[in-house]
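Some notes on the structure that comes next.
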Amino acid sequence: MVDLEQLRTVFAGQYGCEPRFFGAPGRVNLIGEHTDYNDGFVLPMAIDRETVVAARRREDRLICVYSLNLDETGEFDLDEPGRARRGIWLDYVEGVARVLEARGALLSGADLAVLSDVPSGAGLSSSAALELSTGLALIALSGAEVERVALALAGQEAEHTFVGTMCGIMDQLVAALGKRGAALLIDCRSLEVEAIPMNLGDVAVAVCDSRVKHELSSSEYNKRRAECERGVELLREHLPGIKALRDVSPEDFERNEARLPEPIRRRCRHVVTENARTLMAAAALRSGRLEEMGQLMARSHLSLRDDYEVSCVELDALVEIASGVEGVLGARMTGGGFGGCTVNLVRRDALEEFRDVVSREYNRVTDYKTDIYLVEASDGVKELRIRDEG
């Protein structure tokens, strides 16, 4: 949990005034990986780790930002042309401001300070948490209003145009609409969202951070998206009317997969089967069938490793080690891949052994240490107050 008193003290020292606070959560995706930009289904949950923006309105159009995590400052003038794709954290802040204005919001200038306990580069969507908390802060300071889905879409467009990652809508949407005690089944085409109660009983959600992030993640992400789009073009010759891999059933794919070249065939197979797994997992979670959900998570990881090829040695090690611990119902990589985190369903009476075995064996196999923490389903972006802490 971000320390709002610390953030307030730093903000007052930086800008000489009292701020308002706006927070957005990170997320962990339980299942449904690389399906969002294929118009498919995802099942994430917002987590109780967040990015908080302390903010105060300025009378000019200058946006000044200080990152406590990085101890860096940045600024840009809304009346001057924007600068995109510099490869720095300010791209996320400026991007969401520019997109909101392009979509009709008249923003004021602002002094901002940012503090986050969402690990950066861990696949828990620290970027969407920054985009959504910044976006809500700028909208609120300007006296405007924006519907939460529209705010999520603005964050996604900022990532496309200012950052250069052609992400789907999942990360921003769960940061906007997250619900305490529930996962969200999101239809990434219609943007319909169903809150699925987390009927976990004696089972906890544990996240293991591999502590690695391989550099090819961004370029390979965009490459996978292009491969899926090419697969749709080829399949459309035999399945008229399909717009995305979301429209291809597992049965249709089996009948036509031989027509696709490699690796496009494997990329498409992952997405088609992952959509089916996600819907089955949502039904299992809804009914409290957690062992079934764990099995679906395990199959998801194998598909991501072998068909979509976005795992890595470190993630595979974490999943293999965890899967060998009694009391672990399911384990899989989560997020874009090539590093980041795994998500695990673990019986609470097995948590101590889980921590000990995974920490020891992962370090032995890879020489890396892992951070392991439990996460709870949390609410989406909102204005915070000091008294809300705890």
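What's counted below: heavy atoms across the whole structure, side chains too, no hydrogens, waters or symmetry copies. In this text, all values refer to a predicted model and were calculated from it rather than measured experimentally. Starting from 1, each residue takes its place in the sequence as its number.
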ask   = To the nearest 0.5 Å, what is the distance between CD (Glu251) and CG (Asn256)?
value = 12.0 Å

request  = With sequence neighbours excluded, give me every ring pair (Phe, Tyr, Trp, His ring centres under 6.0 Å) pair touching residues 143-187.
outcome  = none

inquiry  = Applying side-chain contact (heavy atoms from CB on, under 4.5 Å) to Tyr15 and Arg56, what does each step give before you reach the verdict?
reply    = CA-CA 9 Å; Tyr15 299 114; Arg56 202 69 182 172; over 6 Å; no

message = Which residues pass the salt bridge (charged side-chain N to carboxylate O under 4.0 Å, His left out) test with Glu229, not counting sequence neighbours?
response = Arg225

inquiry  = Side chains of Val99 and Val96, heavy atoms from C-beta outward: is any pair under 4.5 Å?
reply    = no

Listing, residues 336-346 side-chain donor-acceptor contacts under 3.5 Å, not counting sequence neighbours, or none:
residue, atom, partner, partner atom, Å
Thr342, OG1, Asn344, ND2, 3.3
Asn344, ND2, Ala206, O, 3.0

ask   = Does some side-chain heavy atom of Thr35 sit less than 4.5 Å from a side-chain heavy atom of Met170?
value = no

ask   = Does Ser133 use its side chain to pair, donor to acceptor, with the backbone of Phe22 at less than 3.5 Å?
value = no

Nearest atoms (heavy-atom pairs only) where Ile139 meets Ala105 = CD1-CB, 3.8 Å

Contact check, side chains of Val174 and Met45, non-hydrogen atoms, under 4.5 Å = no

task = Would you please say whether a donor-acceptor pair under 3.5 Å links the side chains of Ser311 and Asp316?
result = yes

request  = Show your reasoning for whether side-chain contact (heavy atoms from CB on, under 4.5 Å) applies to Val365 and Glu320.
outcome  = CA-CA 11 Å; Val365 171; Glu320 183 176 355; over 6 Å; no

inquiry  = So does Ala129 get a backbone contact from the side chain of Glu50, meaning a donor-acceptor N/O pair under 3.5 Å?
reply    = no

ask   = Do Leu153 and Gln172 pass the side-chain contact (heavy atoms from CB on, under 4.5 Å) test, and can you show the C-alpha distance, the side-chain angles, and the key distance before you say yes or no?
value = CA-CA 7 Å; Leu153 290 167; Gln172 290 80 11; over 6 Å; no

key: Donor-acceptor under 3.5 Å (Asp111 side chain, Arg58 main chain)   = no

ask   = When you measure from the side chain of Asn363 to the backbone N and O of Tyr368, does any donor-acceptor pair fall under 3.5 Å?
value = yes

request  = Say whether, by atom type as modelled, one donor and one acceptor occur between the side chain of Arg49 and the main chain of Asp117 under 3.5 angstrom.
outcome  = yes

note = Rounded to the nearest 0.5 Å, the CD1 atom of Ile63 sits from the CG atom of Leu138 at a distance of 5.0 Å

query = Could you give all pairs that pass the side-chain hydrogen bond (donor to acceptor under 3.5 Å, both in side chains) test and reach residues 369-379, with sequence neighbours left out?
reply = Arg211-Asp371

task = Determine, stepwise, if the pair Glu291 / Arg289 fulfils salt bridge (Lys or Arg N to Asp or Glu O under 4.0 Å).
result = CA-CA 6 Å; Glu291 290 192 2; Arg289 302 193 309 272; over 6 Å; no

query = Any ion pair linking Glu94 and Arg83 (charged N to carboxylate O, less than 4.0 Å)?
reply = no

message = Taking Arg236 first and then Glu233, would you say they form a salt bridge - that is, a charged N and a carboxylate O separated by under 4.0 Å?
response = no

task = Please collect all salt bridge (Lys or Arg N to Asp or Glu O under 4.0 Å) contacts where either partner lies in residues 124-139, sequence neighbours excluded, each pair once.
result = none

ask   = Is the shortest side-chain N to carboxylate O distance from Glu5 to Arg8 below 4.0 Å?
value = yes

Residue pairs, two or more places apart or on separate chains, that pass salt bridge (Lys or Arg N to Asp or Glu O under 4.0 Å) and touch residues 147-165 = Arg103-Glu157

task = Answer yes or no: is there an ion pair linking Glu220 with Arg224, defined by an N-O contact shorter than 4.0 Å?
result = yes

task = Enumerate the residue pairs fulfilling ring pair (Phe, Tyr, Trp, His ring centres under 6.0 Å) with a member in residues 80-99, sequence neighbours excluded, ordered by first and then second residue.
result = none

Within 6.0 angstrom of Glu145 CD, more than 12 heavy atoms from elsewhere = no

message = Would the distance check show the side chain of Asn275 and the main-chain N or O of Phe41 forming a donor-acceptor pair, the cut-off being under 3.5 Å?
response = yes

ask   = Is Val328 linked to Met293 within one hydrophobic cluster, defined over Ile, Leu, Val, Met, Phe, Trp and Tyr using a side-chain heavy-atom separation of less than 4.5 Å?
value = no

key: Arg266 and Asp306: CA distance, side-chain angles, deciding distance, salt bridge (Lys or Arg N to Asp or Glu O under 4.0 Å) verdict   = CA-CA 8 Å; Arg266 284 180 290 119; Asp306 299 336; over 6 Å; no

Min side-chain heavy-atom separation Phe76-Leu62 under 4.5 Å = no

ask   = What residue pairs, at least two apart or across chains, pass ring pair (Phe, Tyr, Trp, His ring centres under 6.0 Å) with a residue in residues 171-200?
value = none

Steps toward salt bridge (Lys or Arg N to Asp or Glu O under 4.0 Å) verdict (Arg230, Glu227) = CA-CA 5 Å; Arg230 178 59 179 155; Glu227 288 170 336; over 6 Å; no

task = Take Val248 and Cys268 through the test side-chain contact (heavy atoms from CB on, under 4.5 Å) and record every step on the way to the result.
result = CA-CA 9 Å; Val248 182; Cys268 294; over 6 Å; no

ask   = According to the salt bridge (Lys or Arg N to Asp or Glu O under 4.0 Å) rule, which pairs have a member within residues 119-128, sequence neighbours left out?
value = none

message = Suppose we screen for salt bridge (charged side-chain N to carboxylate O under 4.0 Å, His left out). Which residues come up paired with Asp79, at least two apart in sequence or across chains?
response = Arg61

ask   = Where the side chain of Asp307 meets the backbone of Ser303, is there a donor-acceptor pair that is under 3.5 Å apart?
value = no

query = Between Arg332 and Glu274, is the closest basic N to carboxylate O distance under 4.0 Å?
reply = yes

task = State, with a plain yes or no, whether a side-chain heavy atom of Pro119 is found less than 4.5 Å away from one of Leu124.
result = yes

inquiry  = Same cluster or not: Ile321 versus Leu374, using hydrophobic residues (I, L, V, M, F, W, Y) connected whenever any side-chain heavy atoms lie under 4.5 Å apart?
reply    = yes

message = Could you check whether any side-chain heavy atom of Leu234 comes within less than 4.5 Å of a side-chain heavy atom of Pro261, counting everything from C-beta outward?
response = yes

key: Test item: Leu260 and Phe253 side chains (from C-beta on) under 4.5 Å apart, heavy atoms   = yes

Contact list for residues 267-321, test ring pair (Phe, Tyr, Trp, His ring centres under 6.0 Å), sequence neighbours left out = His34-Tyr308, His270-Tyr308

query = Are the charged groups of Arg259 and Glu237 less than 4.0 angstrom apart, N to O?
reply = no

task = Taking all non-hydrogen atoms of both residues into account, name the closest pair between Leu30 and Ala183 and its distance.
result = CD1-CB, 3.9 Å

message = So does Leu107 get a backbone contact from the side chain of Glu101, meaning a donor-acceptor N/O pair under 3.5 Å?
response = yes

key: Ser125 versus Ala128, closest heavy-atom pair with distance   = OG-CB, 3.1 Å

Side-chain donor-acceptor contact under 3.5 Å, Arg277 with Thr273 = yes

Which atom of Ala258 lies closest to which atom of Arg265, heavy atoms considered = CA-NH1, 3.9 Å

ask   = Could you give all pairs that pass the salt bridge (Lys or Arg N to Asp or Glu O under 4.0 Å) test and reach residues 183-204, with sequence neighbours left out?
value = Asp39-Arg189, Asp187-Arg246, Arg189-Asp247, Glu194-Arg286, Asp202-Arg347

